[in-house]
Amino acid sequence: MPTAKKNLVIVESPSKAKTIEKYLGRSYKVVASLGHIRDLPKSKMGVDTEHDYEPHYISIRGKGDTIKKLRTEAKKAKKVYLASDPDREGEAIAWHLSHLLDLDPKDKNRVVFNEITKDTVKNAFKSPRDIDMSLVDAQQARRILDRLVGYSISPLLWQKVKKGLSAGRVQSIALNLIIKRENEINSFKPEEYWSIDSEFKKGRSKFNASFYGVNGKKLKLKNEKDVQKVLKDLDPKKDFTITSVKKKERKRFPAPAFTTSSMQQEANKTLNFRTRKTMMAAQQLYEGINIGKEGTVGLITYMRTDSTRISSIAKHEASTLIHEKYGAEYAATKPRKGKMPEGAQDAHEAIRPSSVKRTPEDIKEYLNRDQFRLYQLIWSRFMASQMTPEISDTVAVTIDQNNVQYRANGSTTKFEGFTKVYKTNKEKDNALPKLAEGDLVQLSANNPNQHFTQPPARYSEAALIKALEENGVGRPSTYAPTLDTIQKRYYVKLSSRRFEPTELGRIVNDIIVEFFPDIVNIDFTAGLESELDGIEEDKENWVKVVDKYYRPFAKEVEKAQDQIEKVQIKDELAGFNCEICGSPMVVKMGRYGKFFACSRFPDCRNTQAIVKEIGVICPKCGKGQIIERKSKRGRLFYGCSRYPDCDFVSWDKPIARNCPICKSYLVEKKIKGGTQIVCPNGDYEEKAQK
């Protein structure tokens with residue numbers, strides 16, 4: 001008796017296939033396409049600009065066996081379902097599959113689900129739909145425009161600058177933002193200002209306060225002269241009077257559940273995850289993890305989304321758990337809705353656990369460290385978004401003597417609210433003693449401190465993603481590959497987890513800014529993103545959108561071809577000769593930055609790392625210079641130039657001053673938001689510079 005035909009389901013990844021097959025039962029076979037199977041050719045443009053931008057798709061090299069297997073399975077299947085991811089890219093994959101397997105795109109063979117759980121998957125198969133050609137066209141327009149831009153500018157960069165370079169819409173803006181920030185830092189002129197941080201006491205209780213102003217008006221202290229003028233009016237031996245005590249109740253509301261970009265930013269800040277690492281762990285959690293008795297289950301909803309919307313079922317489940325675990329007072333009756341970024345597609349829910357009942361502690365044993373830490377972050381953030389605000393009692397006190405005012409602020413948590421499950425980098429409680437108007441207090445210490453304004457910080461991965469999102473550039477799926485590309489091309493490098501442009505990055509940016517200004521025009525690119533959304537909503541024609549953007553760009557390419565002069569990246573003389581052959585040494589640029597190499601390369605392959613002196617004599621041997629070095633993992637540390645004769649090393653940067661207490665050397669230690677001068681022996685510490 002012949003075996004009954006099975007329904008064939010095609011998804012992107014084997015782990016997703018494995019999870020879904022368990023839910024659907026014996027009458028279904030689930031296989032993976034292993035991502036895209038058709039794309040534009042790598043060897044040529046592949047877009048006919050004369051005939052409505054007709055794309056020439058080919059099977060991706062190396063996918064022959066996969067395509068053959070899919071065709072074989074499709075021929076013997078009862079029906080074929082296409083269950084790729086629920087976004088533009090997933091829709092395009094389904095469309096390409098329908099072409100390769102001769103399926104009718106209108107044959108209701110497309111199945112989508114936002115989370116990979118048994119009920120959700122089974123319900124999705126009850127209502128398959130047509131392939132959404134508006135979604136496909138939006139993806140196709142993006143792909144074709146990116147190809148037209150990339151394959152027009154990249155050959156110019158190869159020809160005029162250096163082989164292997166590339167340019168793209170989103171990556172060019174990311175690079176431009178990094179360079180603009182670097183220019184701001186370089187042109188920044190620090191300004192001096194002072195603060196007076198003091199300690200007061202009432203009876204046995206001590207509390208801190210800071211100088212505010214004179215005669216009730218805030219006064220900025222620009223220099224030491226201003227400080228002395230203030231101190232001259234004070235008598236530290238006399239009492240100060242409490243002239244104002246203002247008490248308030250403050251509510252702090254939880255943030256909404258994660259979008260792709262807010263998850264990437266928070267994972268970068270709190271878990272120290274690079275963007276690619278975050279997305280890899282999220283993909284694994286979405287596609288399914290074996291958690292014992294329940295089997296393999298998708299633990300989170302789809303991880304590419306710009307929406308903060310939550311389903312009513314998920315809200316109810318969270319509310320029930322909050323009532324059971326923490327009490328009714330912690331459950332929000334009307335959880336706040338997050339503000340959607342401009343141009344957000346709102347195609348999917350926010351990122352949340354597929355079931356809040358699976359607490360991080362319950363499933364910790366089944367997850368690796370990265371998966372667990374990210375799941376814990378997603379679970380806590382979602383739970384917090386459905387909880388009540390944190391309530392604090394705050395008090396603001398004004399202290400006066402001779403019309404000179406100090407201010408002290410205190411706060412104590414009255415009700416934890418959402419912070420019960422989601423701790424943020426909030427300052428600890430600062431309780432002041434009981435103070436009332438008319439009370440007298442004594443000054444126990446007055447500490448004037450000199451400061452200098454600091455330049456804006458370089459972009460971290462989190463900050464750059466935030467800037468791109470705020471400017472409407474790119475979409476959730478584009479951030480991770482964009483950051484990868486600008487680093488692989490060596491346009492930027494990460495220095496202390498922040499982006500620093502390279503010389504090569506500046507050369508490429510200068511060319512694009514001069515000859516292709518629209519590419520780095522944020523409003524122009526954000527406008528394009530909004531038109532791509534219009535295609536998805538069937539309000540725009542994709543060919544007209546591509547034509548509108550490509551025609552002026554093509555003229556810029558023609559002009560640039562004639563006007564860009566060849567950039568000579570000359571080898572800079574190092575100022576000393578090769579110790580092997582005696583030829584001059586030069587400075588070369590490599591993948592990880594500059595290095596010294598012999599000018600006779602490849603006949604002489606002598607190379608040396610470039611060491612940077614920091615102007616400090618080695619505190620251990622007193623003979624060598626302290627130089628910057630890098631560990632195997634690229635982390636910066638400081639060591640003696642006489643190594644291995646002197647083995648002094650420090651992760652923190654030594655400075656040319658000694659500890660006033662133990663006479664040891666001092667170091668500049670990096671702390672969150674600034675630096676602090678400390679003694680390695682713990683004997684001395686200066687106030688942090690923000």
Side-chain angles (χ1 to χ4, degrees), residues 11 16 19-20 23 83-91 110-127 129 132 135 254-267 278-279 281-289 297-322 331-332 334-360 374-387 418 421-422 469 475-477 479 533 536-537:
V11 296
K16 189 175 172 183
T19 309
I20 291 167
Y23 297 154
S84 43
D85 284 346
D87 57 10
R88 287 178 188 170
E89 204 164 344
E91 206 71 19
R110 177 79 171 114
V111 177
V112 290
F113 30 79
N114 191 46
E115 59 187 62
I116 303 177
T117 56
K118 194 170 186 175
D119 290 344
T120 308
V121 170
K122 284 197 160 187
N123 286 334
F125 275 84
K126 289 176 185 173
S127 52
R129 60 166 173 79
D132 187 336
L135 275 173
F258 283 132
T259 61
T260 304
S261 108
S262 61
M263 175 182 72
Q264 289 170 344
Q265 290 170 53
E266 198 60 29
T278 301
M279 293 311 288
Q283 183 91 33
Q284 291 158 359
L285 293 171
Y286 166 69
E287 290 186 345
I289 306 279
V297 64
L299 296 175
I300 63 168
T301 52
Y302 193 52
M303 66 286 157
R304 290 191 183 95
T305 177
D306 53 16
S307 173
T308 53
R309 180 168 49 81
I310 299 293
S311 73
S312 54
I313 295 169
K315 284 179 186 174
H316 178 71
E317 193 184 46
S319 178
T320 305
L321 185 66
I322 294 164
K334 282 189 178 179
R336 297 178 95 205
K337 289 180 182 177
K339 191 182 176 187
M340 301 281 282
E342 199 175 327
Q345 292 168 260
D346 195 27
H348 313 293
E349 282 188 66
I351 302 167
R352 60 166 176 81
S354 51
S355 171
V356 289
K357 291 175 185 173
R358 298 186 194 101
T359 66
L374 186 62
Y375 182 74
Q376 188 176 43
L377 192 68
I378 292 166
W379 187 91
S380 305
R381 172 83 165 225
F382 169 64
M383 284 290 283
S385 74
Q386 304 302 303
M387 293 173 77
F418 75 92
V421 297
Y422 190 65
E469 186 186 40
R475 283 295 178 258
S477 58
Y479 298 133
D533 293 344
E536 180 176 328
E537 292 156 17

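As the structure is a prediction and not an experimental result, all values here were calculated from the model.
Remark: the backbone N or O of Phe382 is paired with a side-chain donor or acceptor of Ser385 at under 3.5 angstrom. Judged by distance alone, the side chain of Glu317 and the main-chain N or O of Lys357 form no donor-acceptor pair under 3.5 Å.
For the salt bridge (charged side-chain N to carboxylate O under 4.0 Å, His left out) test, residues two or more places apart in sequence or in another chain that qualify with Arg352 are Glu115, Glu349.
Between Tyr479 and Glu469, the closest side-chain pair of non-hydrogen atoms falls below 4.5 Å. Residues Glu536 and Asp132 are not in side-chain contact: their nearest non-hydrogen atoms beyond the backbone lie 4.5 Å or more apart. Considering only heavy atoms from C-beta on, Leu377 comes within 4.5 Å of Tyr422 through its side chain. Looking at heavy atoms from C-beta onward, Gln283 lies in side-chain contact with Arg304 at the 4.5 angstrom threshold. Looking only at side-chain heavy atoms (C-beta outward), Arg381 and Ile351 stay at 4.5 Å or farther from each other. Inter-residue side-chain proximity for Arg110 and Glu91 is flagged as met; some heavy-atom pair is nearer than 4.5 Å. Side-chain contact between Asp87 and Tyr302 is present, with heavy atoms from C-beta onward closer than 4.5 Å. Side-chain contact between Thr259 and Thr308: present, with at least one pair of heavy atoms (C-beta onward) separated by less than 4.5 Å.
The OG atom of Ser307 sits 15.0 Å away from atom CZ of Phe258, with the distance rounded to the nearest 0.5 Å. Note that the CD atom of Gln376 and the OG1 atom of Thr359 stand 10.0 Å from one another [nearest 0.5 Å]. With values rounded to the nearest 0.5 angstrom, Tyr23 atom OH is found 12.5 Å from Phe125 atom CZ. Ile322 CD1 to Lys315 NZ: the interatomic distance, rounded to the nearest 0.5 Å, is 12.5 Å. Here the OG-CG distance, from Ser354 to Asn114, works out to 10.5 Å after rounding to the nearest 0.5 Å.
Arg309 and Thr305 are not linked by any side-chain donor-acceptor pair at a separation below 3.5 angstrom, with hydrogens and angles left out of the test. Side-chain N/O atoms of Gln265 and Ser261 include a donor and acceptor closer than 3.5 Å.
Between Tyr286 and the choices Leu299, Ile116, Thr301, the side chain to side chain contact (heavy atoms under 4.5 Å, CB included) rule is met once, by Ile116.
Of all heavy-atom pairs between Gln386 and Ala318, the closest is CG-CB, 3.9 Å. The heavy-atom pair separating Ala267 from Thr278 by the smallest distance is CB-OG1, 3.5 Å. Gly298 and Thr19 get closest at one heavy-atom pair: N-CG2, 4.4 Å. Contact between Leu321 and Trp379 at its shortest, heavy atoms only, is CD2-CZ2, 3.9 Å. Residues Gln284 and Ile289 share a closest heavy-atom pair of O-CD1, 3.7 Å. Residues Met263 and Ala282 share a closest heavy-atom pair of CE-CB, 4.0 Å.
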Item to complete: Please assess Lys16 against Asp85 for the test side chain to side chain contact (heavy atoms under 4.5 Å, CB included), listing each intermediate value before the final yes or no.
Response: CA-CA 10 Å; Lys16 189 175 172 183; Asp85 284 346; 2.7 Å; yes
Item to complete: Given side chain to side chain contact (heavy atoms under 4.5 Å, CB included), test Val11 with Glu287 step by step and report yes or no.
Response: CA-CA 11 Å; Val11 296; Glu287 290 186 345; over 6 Å; no
